[in-house]
Structures are given as C-alpha cells and as structure tokens.
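Reading through the structure tokens given below for one structure.
We use all heavy atoms of the structure for the numbers below, so side chains are in, but hydrogens, waters and symmetry mates are not. Counting starts at 1 for both ligands and their atoms, in listed order.
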Amino acid sequence: MKSASNDRPPRGGATPNWDANDSAQLYGINSWGAGYFNVSDAGEVQVNVDFEGNPVAVSLMEIVRGMHDRGLHMPAVLRIRNLLDHRVQVLNTAFAKAIEDGGYRNCYRGVYPIKVNQQCHVVEEIADYGRQYNHGFEAGSKAELIIAMSQLRDSEGLIICNGYKDAEFIELGLYAVQMGIPCFFVVETLSELPIIIERSRALGIEPLIGVRIKTTVAVDGYWSQDSGDRSIFGLSTASLMRLVDELRQAEMLHCLRLLHCHLGSQIPNIRNVRSGVLEACRFYAGLVEEGAPMGHIDLGGGLAVDYEGASTNSTHSMNYRLDEYCVNIVESICETLDPLGIDHPVIISESGRATVAYSSMLLFNILNVSNSMPVTTPGELPEDCVEMLKNLDGIQARLSVQNIQECYNDAVFYRDELRELFHHGQATLRERALAENIFLEVVHRITSMLPELNRVSPELQHLQEQLSDIYYGNFSLFQSLPDIWAIDQLFPIMPIHRLDEKPGRSAILADLTCDCDGKIDRFSTPDGERNVLQLHELKQDEEYYLGVFLVGAYQETLGDLHNLFGDTNVVNVAINPDGTFEFAREFHGDSIADVLSYVEYEPKQLQENFRLVAEKAVRSGKISVAQRSRIVQAFRESLHGYTYFENH
Ligand SMILES: *Cc1c(COP(=O)(O)O)cnc(C)c1O
C-alpha cells in the first residue's frame, strides 16, 4: 500500500496544455453544479454562495485543511448550511413568482418531508430558515411527527401526516391541532378513518383531514411504480367515495380539507408533472362537488435533481427547471378549476430531494491504486519453457495496426491454453506468471494502438475498461452511498483538487468493504454515461481527495453497517459574507466500540475478555508483562478509534 503522509493537504502544481476549464468540462461540474460548485483557476473545487448579489467562493480544500487541523479525518460528510438555506429560498420564491405572474389567488406552503434527511441539524436549519416562508414538515411516522411538532417554530407552517397511523399517532396530531398547528391527517387506507373519527370525538378536537389519491399517470424514471393503479399507496376512486360517505354520515365532511397526490420521487419529465396535476385537479373538483370544503392541494414530492447535468428526461436527470415546475403547477390548477368557478386552493409541495441534495457531499481520500500493468517486462524466455509460452511471446514481434484483432484473439487463445496446461500440471507456476505478464504487455500495446484504427470492435473497446485502474477509496458505499448499490443511482464524482493537472488515468472506484458490490463503475459525464472515471496519478506523500456530490437526500440514514463501517465524521460549515467560514457543528463518526454495541456487544466486556486472553499468554510465558500492557493498550485504542482507515 502506498502510504500517504500526515502532512497537511497539499496545494497544486499545474500541467501545460491543461487548465481548470478543461477539468470543469471533463467532469461536467458547471452543469450538475447548478451554480453552487465550480473549479477555481488554482484547480480546486469551490462552493459558491451569493449574499444579495455579492458572490463568495470557498475552496473545498480550504475546508478539508480546516477539518484536518481539527482532527476530523476522512471520510467525512460536509454540509454547507448556506446551500440548504438557498434551496428553501429558491423553492419558495419560485412558487411565489409563478403565483404572482399567473394571477393565482392563493399561496404556496412548502413542507419538508423529514424522511429524506432526518438529521437533527438539517431539520433544525430548515425550521429556522424556513420560518420566513412558513415552511412546514411532512411526517410519515410517529417518530417524524414528534420531530415535526417539536421543531416547527411557526404556527402558519403546516404539518402533513402521511403513512399508517394508529390511535397514538392520531392523538398526537390532534393535540397539535388543538395548539393551533395546522396538522393534516392524510388518509391512506379506509381503516384509518374510524380511528380518526373516534379519537377526535373522544378528545373533542376537530381533525383536519386529507385524502391521498391514486393517479393513473404513468411516470418516467425509477419510481414509476409509485403512481398508477398498482401503487401501494392511496385510495382507489371507489374507496374515496366511501370515505366521503362515511365522513358525511359522521357529520364530519367539513373536516375534509386536502387532496394529496404523490407521483413518485425524481420525476425527470415535466409532462408527467403536468398530467399528474391535471388529474389531481379533477379529483379536487369532484370532492368540492361532493360538498367537502377542501382548500388545499398537496402535490407531494417528485421535483427532481439533475445528477447528470444533462437536462434530459433520463432517470438521473430532469428536462425542466424549478421555475417551469412551479409555472406548470399553477397553470394546470387554474386551467382546471377556473372554468368550474372553484376557488384556488393553497398549493402544497413536499419537495425533499430538491431541498437537501445539494447541501451535502461525501469527501474521502484514496488509499491505494491497483493497476493491470505487467509487473516486470519479461526478458528472454527460458530455453526449456513450454511451447505455448513461446507462441504467446511471438505475438509481440508481429503485432501491428493491421492485425490487431487477430493478435488479440491469438493472445487470448495462448493464454487460456497455458492456463489449461497449468491445471493439468504441465506448466509451472512461473510459466503461468510469465504468460499472464506477456498477455498484459500485448493487451496494453493493443489499447495504445486503438486510436489509430478507423473502426474498433466492441470487444477491443471493452479492453480499455478492463485495463482501468482500481482506486481504493476510504469509505463504505453501503454506509455513505447506499443508493448506488440499491438503485444504481448516479452521483457526480470528481477530484476536488489538482484540477489544473490533466488526469491521466482511467479508473473505477472500490470502497473499504471486502464486498464485490462495494465498487463504483458507472459515471455520468457530459458525453453520457461511462464505465471509467478519469483520475490523477497518486503522488508519493500526498493525499488525493475525491468528492461525491449531491448526496444530501436519502443517503445518510439509509446507510447500513456492512462490514461494521459506521457513521462518518460530519461537519456543518457556514460561509460568511466576507469569504471566511465557520465550523458551525462537527460530529465525530462512530467508534469501533459504537458499532460493536449496535450489534449487541458490550465494549467493556470485550475489553475484559481480551485482558483475560492476554493474562493467559503471560502465564504461559508467550509474552512478558510489559508486552501485555502494550498489547492491551493497543486493543483499547483501536476499540475507541474510527472505523475507517486512519493514517496518523
Ligand atoms: C418520499 C416522499 C416525498 C419526497 O419526495 P422527493 O422526491 O424527495 O421530493 C414526498 N412525499 C411523500 C409522500 C413521499 O413518500
């Protein structure tokens, strides 16, 4: 393993004919970065914050140096508070503008769906900053309702309760209503209704009721199943009618105040949004006709993030901008309700991903690189070696641009034949090693000749990927980027420094878990998806840092303890108008003792067990008392250390 020293993170050194703009182009940062991220002339990724027209930029490497000085080591999640605030701001101002421009006669009330990132300081920040916009919360469980009720600072902000609700959940929500918080129960199944009716009668508190409908719009992207007849959420039209009848019978139809529709997350196509809203408005109008007062239309989540920066309707992108999204919703509602003379409802959206994705990034260092270069250049072959090895070696002399494919086929054939001989004991281990080395030589020469060819067969095209380096990163995919594993999510990934140097290596990334799924080999680039990422060669005695961007949504609590890699360090940074920044909060990640206790080990007991093992070794004369003391001390330090790779 190439060991990097513990020197402070470095400053760069440029390559001729390559500059920061070339890197920006290569990694597409100006597209997916949405103005929040760019590459500085010095070749470092910087984060941009706007203070009422005064732009301020801070280099991520500056922040990494600050973390290093505070003993916060890689991997780490970095959250930029200003970006979170800005997302809440743009969401609210875009709706306000669409409402004003469209002559819409009601307001927008955003709610943040807590499940998207439940971390206390994320929720607190949204509550604090969102207050000026009456931004509320969406809760999908009792735990999230408890968060919402204790965080909401403002009685105009809404709480929307989705998910299955038992009597306890409903009582809590009713108390919120009693205290003046507009807390809606969105009915997902008919079985909830009797509990709501019974509890509200028993407590003498009138509930605010919403209904979740199933729309039939088919949505593009990964979450296409969340909508349509087969959706597991929401009421069928027949059930909706029963709900209306039951409410009327209970003399509570006046409590039905909200229509809820969630088409799915990450909707890449604006046409789906429009169709969904139009259909939801029809339901809304139908319920008004039934005599429900209504007054609120909640369009759920789905506002996408352009992880690829491609502006298309592919799964990880989006073919619309935020202002278009808002205008589409406002227009669609007016279009449907105006001819019917129905008052405009309060527009609610539960945008989670689009609110929190930008503000967090995962930073990690590279520990080691393995490449497929031949170990040594084979010199003369031994006289008495097997014939097959001589055949393989003979390819070297005749390889040319004209016979590339033929030579490749031969090389594969001879290598496989030699492996076969080895299996039968007819070639030695050294002969096999020689054969594999020569094969690599040939293949490397072939790939270097490919640019001279007019037409490259898919097989040879593939070679380049197979020969790419493996960069081992100090992180766990399962803990920090679970969606890459679970749903093939693409996130922008790039080095955060040395961007004035040309990245000369093609690589895939592997994490610290010894799991074959712990790798990243799909990357989005401005030229489409690729299986390799361009990276810089490691320098001796210098750390190399990568960033995975737009990871604020869904990654932090979906992560698991695969191989017992725990929570990473987290820092929350606030950037000031004068360009300085503060570590507003810092959290040390799990220690090994922490993760072991999650799986029911008792760290004190482990320590004691180990002490007994060491004591026995002393008694049997294997170690001295002084050695025992050192060993027990090392054990204790490891137990209380970080679960990731530490080189200090
Ligand atoms: C997950 C979820 C959301 C958040 O969706 P995003 O696409 O992240 O904005 C909103 N509402 C409901 C009901 C959800 O299940």
Item to check | Polar side chain donor-acceptor pair, T216 to E279, under 3.5 angstrom | outcome: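 A donor-acceptor contact under 3.5 Å links the two side chains.
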Item to check | Distance-only polar pair, side chains of H260 and E188, donor-acceptor under 3.5 Å | outcome: no
Under 4.0 Å from any heavy atom of [X], which atoms of ligand 1 are there?
| X | result |
| --- | --- |
| Q266 | 7 (O) |
| N162 | 13 (C) |
| G302 | 5 (O), 6 (P), 7 (O), 9 (O) |
| G352 | 6 (P), 8 (O), 9 (O) |
| S351 | 9 (O) |
| P113 | 4 (C) |

Is the [atom1] atom of [X] crowded by more than 12 outside heavy atoms at less than 6.0 Å?
| X | atom1 | answer |
| --- | --- | --- |
| E168 | CD | no |
| D343 | CG | no |
| R585 | CZ | yes |

Do [X] and ligand 1 have an N or O pair less than 3.5 Å apart?
| X | result |
| --- | --- |
| G300 | no |
| E350 | yes |
| K115 | yes |
| R353 | yes |
| G264 | no |
| Y554 | yes |

Next on the checklist: Suppose we call two aromatic rings close when their centres sit under 6.0 Å apart. Are H121 and F587 close by that rule?
Outcome noted: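 Yes; F587 has its ring centre under 6.0 Å from that of H121.
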Next on the checklist: Under 6.0 Å between ring centres: does that hold for F184 and H296?
Outcome noted: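 Yes, the ring of F184 comes within the 6.0 Å limit of the ring of H296, centre to centre.
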Checklist entry - Sequence neighbours excluded, which residues qualify as ring-ring contact (aromatic ring centres under 6.0 Å, His included) partners of F549? => result W32, F37
Item to check | Results of ring-ring contact (aromatic ring centres under 6.0 Å, His included) for Y284 - residues two or more places apart only | outcome: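 ring-ring contact (aromatic ring centres under 6.0 Å, His included) check on Y284 returns nothing, list empty.
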Next on the checklist: Just to be sure I read this right, does ligand 1 sit under 4.0 Å from the backbone of S265, its side chain, both, or neither, counting only heavy atoms?
Outcome noted: both
Checklist entry - Hey, is A553 one of the residues with a heavy atom under 4.0 angstrom from ligand 1? => result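 Per 4.0 Å heavy-atom rule, A553 does not contact ligand 1.
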